[in-house]
Amino acid sequence: MDLRNIAIIAHVDHGKTTLVDELLKQSGAFRENQQVSERAMDSNDIERERGITILAKCTSVEWKGTRVNIVDTPGHADFGGEVERILNMVDGVCLLVDAAEGPMPQTKFVTSKALALGLRPIVVLNKVDKPDAEPDRALNEVFDLFANLGASDEQLDFPHVYASGRSGWADLDLDGPRQDLSALFDLIVRHVPAPAQIAHRTEPFRMLATTLSADPFIGRILTGRVESGTLKAGETIKALSRTGERIEQFRVSKILAFRGLSQSPVDMAEAGDIVTLAGMSKATVADTLCALDVDTALPAQPIDPPTITVTFGINDSPLAGRDGNKVQSRVIRERLMKEAEMNVAIRIADTPGGEAFEVSGRGELQMGVLIENMRREGFELSISRPRVIFRDIDGVRHEPIEEVIVDCDDEYTGAVIDKLTGQRKGDLAEMKPAGVGKTRIVAHVPSRGLIGYHGEFLTDTRGTGVLNRIFHSWAPHKGPIQGRRVGVLVSMEAGTSVAYALWNLEERGRLFIGPQEAIYEGMIIGEHSRDNDLEVNPLKGKKLTNIRASGTDEAVRLTPPVRMSLEEAIAYIDDDELVEVTPKIVRMRKRYLDPHERKRQARSGE
């Protein structure tokens, strides 16, 4: 059977996973009466809740005698490590672009990786049936993007189709019949070359491990494309590190191939195919799995370095251990090391005391997803404010700069530009109309200035603005940037909050808690209306007397508290604050000090 390997890449929410659903349905991967959930490739709970793809996943379909292996990739740059690894397994890419929005930052990020590998793209102009779609403009912007990224003449001569992933059709012409996806299937088979590895089937077996996962029944499994040779289940092979050092020798217990949404055991893996092997105990991502007589490792694609770091520590608040069952630093360390092994974009380092760990990654969303997964597994953590990673280049301190693309109503552009370029020391790169009453702003802003900005941005644009960001370059350090501009309300007592006390505190600022909630000394219960922190007593009840008069008792009516999500809390806190994360609740607090230490600091004026 002919073979094609292709990856589908796109910006967040441009319709990749929905299109893959339709490709699977129309290729006959499902039975007619089979119940299939929407966005079937998003198998992770968090992926379904947030509507984004986090983990790259493979599937395969058959079309007119050709097997097409399809890789669904994440659209967010925070999970770019998944994309960089997965592109080594394919021979072509299908670039999906929203016909209304055009190419966006993550489109640029993933496309640059694909073009650098020499992959020939197919452009799918998706959602052309939307009222505000402008497919011709989007197509011109894609061409300009390819040219700016240094695409070759062969890559610039790309074919394109007009499609609607949700409606399940794709046509070579905008005024086509709009019936099915056969035009896209035929274009993939015609335009994407067959794997060059097929010619090396007589050579010794070699495969580069691309993704690592675990199966509850067969244990550790590695997925990748077979670069040369063939392999039968039961054969003995070995694993080599990137430097060629021998890691282990093992018997292949199972070979799995992708068939629709599931993996099926096969007798033999052949060069060019994407398969999963089981039986190893130590081999991991970027290692070479090969025949016993092979001594050279396959080159592994380098991964872009992380740009932010967050401190993960044990939960040492007075309410620790009430919700979760995994609270020891040893257990937290084991879980983080396991994550770093599977996710090559994450780095883990121990702190001097050994009670906390520095976790470095691509962005706040990646950190937020990791923390969310850990809290659902029963962990309790204390999380610090994200910090950017600096570099010394030729003796000069450099910091990461991000390209920010904002689409907002014309009336809010002044406030957005002032925040990005004035207060956060960004540089305005471009500003142009983006439709009726809309403006597109492109700015290059230090990553430090964007931590915690998204909430302000939504407030400034009354919730109508859209902000996308991606790593742009390293630049010399731009000096201090002011952080949060308001203080917080900090509890001075421990106990259960009282409605009457909160009612009296409402004039001080926004509250983060409601009545009858457990609180402790040092816990942040609200945002102060001024720029200083204020210690308050949320336990103070109303003084009672035995004298009652008509009309003197007022009913306590509280404004609903502001409930922050995990990512919002992490971005909100200051350097001297922490986020307490448990399976049931997210709290913010000052760095915990015992009462004697706090009194000593107060006396010394620290």
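Quick caveat: nothing in here was measured; it's all calculated off a predicted structure. By convention here, the first residue in the shown sequence is residue 1.
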Item to check | Basic-acidic side-chain contact under 4.0 Å: Arg335, Glu380 | outcome: no
Checklist entry - Only one of Arg387, Lys590, Arg385 clears salt bridge (Lys or Arg N to Asp or Glu O under 4.0 Å) with Asp575; which? => result Arg385
Checklist entry - Salt-bridged, Glu456 to Arg424, with N to O below 4.0 Å? => result yes
Checklist entry - Below 4.5 Å, heavy atoms only, C-beta onward: do Leu256 and Val275 meet side chain to side chain? => result no
Next on the checklist: As an exercise, state the distance from CD1 of Ile221 to CG of Leu277, rounded to the nearest 0.5 Å.
Outcome noted: 9.5 Å
Item to check | Closest contact, heavy atoms only, Ala209 versus Thr284 | outcome: CB-O, 3.5 Å
Item to check | Pair Asp392-Arg397, salt bridge (Lys or Arg N to Asp or Glu O under 4.0 Å): steps then yes or no | outcome: CA-CA 5 Å; Asp392 280 334; Arg397 194 185 198 199; 5.6 Å; no
Next on the checklist: Taking salt bridge (Lys or Arg N to Asp or Glu O under 4.0 Å) as the cut-off, I'd like each qualifying pair that reaches into residues 244-259, sequence neighbours left out, listed once.
Outcome noted: none
Next on the checklist: Going by side chain to side chain contact (heavy atoms under 4.5 Å, CB included), name the residues that satisfy it together with Ser565, two or more places apart in sequence or in a different chain.
Outcome noted: Glu567, Glu568
Checklist entry - Thinking salt bridges, do Asp350 and Arg333 make one under a 4.0 Å N-O criterion? => result yes
Item to check | Approximate separation, where rounding is to 0.5 Å, of Leu336 CG and Glu358 CD | outcome: 11.5 Å
Item to check | Pair Asp574 + Arg591: basic N to acidic O under 4.0 Å | outcome: no
Next on the checklist: Would you compute the distance between atom CG of Leu458 and atom OH of Tyr453 and round it to the nearest 0.5 angstrom?
Outcome noted: 9.0 Å
Next on the checklist: Using the rule given for salt bridge (Lys or Arg N to Asp or Glu O under 4.0 Å), can you reason through Glu355 versus Arg330, listing the C-alpha separation, both sets of side-chain angles and the distance that settles it, and then say yes or no?
Outcome noted: CA-CA 8 Å; Glu355 294 290 314; Arg330 171 183 55 82; over 6 Å; no
Checklist entry - For His477, what residues pass the ring pair (Phe, Tyr, Trp, His ring centres under 6.0 Å) criterion, not counting sequence neighbours? => result Phe390
Next on the checklist: Once ring pair (Phe, Tyr, Trp, His ring centres under 6.0 Å) is applied, do any residues pair with Phe512, and if so which ones, sequence neighbours excluded?
Outcome noted: Tyr572
Item to check | salt bridge (Lys or Arg N to Asp or Glu O under 4.0 Å) evaluation trace for Asp295 with Lys238 | outcome: CA-CA 10 Å; Asp295 296 321; Lys238 65 181 179 181; 3.4 Å; yes
Checklist entry - Which residues pass the ring pair (Phe, Tyr, Trp, His ring centres under 6.0 Å) test with His472, sequence neighbours left out? => result His444
What donor-acceptor contacts under 3.5 angstrom involve side-chain atoms of residues 318-326, with partners at least two apart or in another chain?
residue: Asp323; atom: OD2; partner: Thr582; partner atom: OG1; Å: 2.8
residue: Lys326; atom: NZ; partner: Glu377; partner atom: O; Å: 3.2

Next on the checklist: One thing to verify: whether Lys338 and Glu334 come together as a salt bridge, which I'm taking to mean a side-chain N less than 4.0 angstrom from a carboxylate O.
Outcome noted: no
Item to check | Nearest heavy-atom neighbours spanning Ser491 and Ile519 | outcome: OG-CD1, 3.9 Å
Next on the checklist: With side chain to side chain donor-acceptor pair (under 3.5 Å) as the criterion, how do Thr276 and Thr223 come out once you've worked through the C-alpha distance, each side chain's angles and the decisive distance to 0.1 Å?
Outcome noted: CA-CA 4 Å; Thr276 298; Thr223 302; 2.8 Å; yes
Item to check | Non-hydrogen side-chain atoms of Ile308 and Ser360 separated by less than 4.5 Å | outcome: no
Item to check | Electrostatic pair Asp287-Arg242, nearest N-O below 4.0 angstrom | outcome: no
Item to check | Arg448/Glu399 salt bridge by N-O under 4.0 Å criterion | outcome: yes
Next on the checklist: Let's go through Arg225 and Asp273 carefully: what are the C-alpha distance in whole Å and the side-chain angles of both, what is the deciding distance for salt bridge (Lys or Arg N to Asp or Glu O under 4.0 Å) to 0.1 Å, and is it a yes or a no?
Outcome noted: CA-CA 6 Å; Arg225 180 171 64 177; Asp273 203 359; over 6 Å; no
Checklist outcome for this item: The single option from Ser60, Cys58, Cys94 that satisfies side-chain contact (heavy atoms from CB on, under 4.5 Å) with Val71 is Cys58
Checklist entry - Heavy atoms, side chains only, cut-off 4.5 Å: are Met564 and Val586 in contact? => result no
Next on the checklist: Taking Glu227 first and then Arg206, would you say they form a salt bridge - that is, a charged N and a carboxylate O separated by under 4.0 Å?
Outcome noted: no
Checklist entry - Looking at Val581, Val359, Ile573, Leu566, which one forms a side-chain contact (heavy atoms from CB on, under 4.5 Å) with Ile383? => result Val581
Next on the checklist: For Glu580 and Ser382: C-alpha separation, side-chain torsions, deciding distance, then whether side chain to side chain donor-acceptor pair (under 3.5 Å) applies.
Outcome noted: CA-CA 5 Å; Glu580 178 189 350; Ser382 60; over 6 Å; no
Checklist outcome for this item: dist Ile6:CD1 -> Leu119:CG (nearest 0.5 Å) comes out at 9.5 Å
